[in-house]
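Scroll down for the structure; my scribbles are underneath it.
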Amino acid sequence: MKIVISIGGSVLVPDGMDAGYVKEFAGFIKELSKKHEVSIVTGGGRLARNYIEAARKFGASETSCDIIGIRATRMNASVLISAIGNSANPEPPKSFLDAKKYLGAGKIVVMGGTHPGHSTDGVAAMLAEYIGADLFINVSNVDGIYDNDPNKNPDAKLYGSISIDKVIGMISGSSLGAGKYEMVDLLAAKVIQRSGIRCIFAGKDIRNLKNAIEGKKFTGTIVDRK
Ligand code: UTP
């Protein structure tokens, strides 16, 4: 299978870099790449938010803040590349074409952001569409898609499955500000909708992610085409 994983910056850099998790995740990706063609898109997390917030205080435009955010996502990609080693591309590719070339050369692709105006979820969804991926996985620090913010509402219910149309309805009013994307950005959801890529949202637990990929029972949300 061709698999694209969008890993939230909040998983990699919740506060400082979670080196223990990066190591575990890198080991999982190397193992996965023995059977599958794997691409990872890393988010910016706290690193992106700290730098964006500082620049915004000095009056930087939202596009400038996005560019700062993209740099942070690439820093995180570089750390994951170091943890994976030679099986990954040496530098995060800046375009989908370069990512595809690395895949063609048998590498695990690890990249960050590309252009201003969306999050790395958007990048991962476009990469998945571009390379004709069989599976898109969004890994974040929540277990999947809830009917309400689980960090604010303890009664929030996790969807086992949900239609992409409903996801788009839930996020259609969300912000486009740098560093402010929530569950998933609208661009990512629209790309998933138009391309019909199989899509899963799950938490960071490695065993659970393995189960999701192997089609076994897992905790998370399957996004249906309709
Ligand atoms: P993230 O993908 O981490 O954004 O990119 P996020 O969803 O807000 O944060 P996580 O998932 O919790 O980590 C960080 C920021 O970098 C810019 C955006 O401003 C984004 O919020 N960015 C990233 C872009 O403008 N373009 C990209 O391709 C990627």
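Residues: numbered from 1 along the sequence shown. Whatever order the structure lists ligands and atoms in, that order sets their numbers, starting from 1.
Numbered from 1 in the order shown, with element, the atoms of ligand 1 that lie under 4.0 Å from a heavy atom of Pro116 read 25 (O). Close approach of ligand 1 to Ser10 (heavy-atom distance below 4.0 Å) involves ligand atoms 12 (O), 13 (O). Atoms of ligand 1 lying under 4.0 Å from at least one heavy atom of Gly43, given by number and element, are 3 (O). Near Gly45, meaning under 4.0 Å from one of its heavy atoms, ligand 1 places the atoms 3 (O), 13 (O). With ligand atoms numbered from 1 in the order given, ligand 1 contributes 2 (O), 4 (O), 7 (O), 29 (C) to contacts under 4.0 Å with heavy atoms of Ser119. Interface atoms of ligand 1 facing Thr114, defined by a heavy-atom separation under 4.0 Å, are 27 (C), 28 (O). Listed by number with element, the atoms of ligand 1 under 4.0 Å from a non-hydrogen atom of Gly44 are 1 (P), 3 (O), 13 (O). With ligand atoms numbered from 1 in the order given, ligand 1 contributes 24 (C), 25 (O), 26 (N), 27 (C), 28 (O) to contacts under 4.0 Å with heavy atoms of His115.
Using modelled atom types, no side-chain atom of Lys204 and backbone atom of Val139 make a donor-acceptor pair closer than 3.5 Å. Here the side chain of Thr42 pairs a donor or acceptor atom with the backbone of Ala77 at under 3.5 angstrom.
Annotation: His118 places an N or O atom under 3.5 Å from an N or O atom of ligand 1; distance criterion only. Below 3.5 Å of separation, one finds an N or O of Gly9 facing an N or O of ligand 1. Geometrically, ligand 1 and Thr120 share a nitrogen or oxygen pair separated by less than 3.5 Å. The shortest N/O to N/O separation between Ile52 and ligand 1 does not fall below 3.5 Å. Not one N or O of Cys65 is nearer than 3.5 Å to an N or O of ligand 1, by distance alone.
Evaluated for a side-chain contact (heavy atoms from CB on, under 4.5 Å) with Ile84, the options Leu80, Ile81, Asn86 yield exactly one hit, Leu80.
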Practice problem: Determine, step by step, whether Glu91 and Arg74 satisfy the salt bridge (Lys or Arg N to Asp or Glu O under 4.0 Å) criterion, reporting the C-alpha distance in whole Å, the side-chain angles of both residues, the deciding distance to 0.1 Å, and the verdict. | Solution: CA-CA 9 Å; Glu91 279 286 322; Arg74 289 184 183 149; over 6 Å; no
Exercise. Let me see the working for Ser163 and Asp224 under side chain to side chain donor-acceptor pair (under 3.5 Å), right down to the final yes or no.
Key: CA-CA 5 Å; Ser163 74; Asp224 296 325; over 6 Å; no
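Remark: Lys100 qualifies as a cation-pi partner of Tyr130 under the 6.0 Å distance and 45° angle criteria applied to the six-membered ring.
Annotation: Lys157, atom NZ; neighbour count of heavy atoms from other residues, nucleotides and ligands within 6.0 Å is above 12.
Contacts of Ile68 with ligand 1, taken as heavy-atom pairs under 4.0 Å, are absent altogether. Residue-level proximity to ligand 1 for Val123 is carried by the side chain, the only part with a heavy atom below 4.0 angstrom.
Heavy-atom minimum distance, Pro93 versus Val110: CD-O, 3.4 Å.
In summary, the side chains of Asp121 and Ser6 do present a donor paired with an acceptor at a separation below 3.5 Å, with no hydrogens or angles considered. A donor atom on one side chain and an acceptor atom on the other are not found under 3.5 Å apart for Asp143 and Thr219.
The shortest separation from a heavy atom of Arg49 to ligand 1 is under 4.0 Å, placing the residue in contact.
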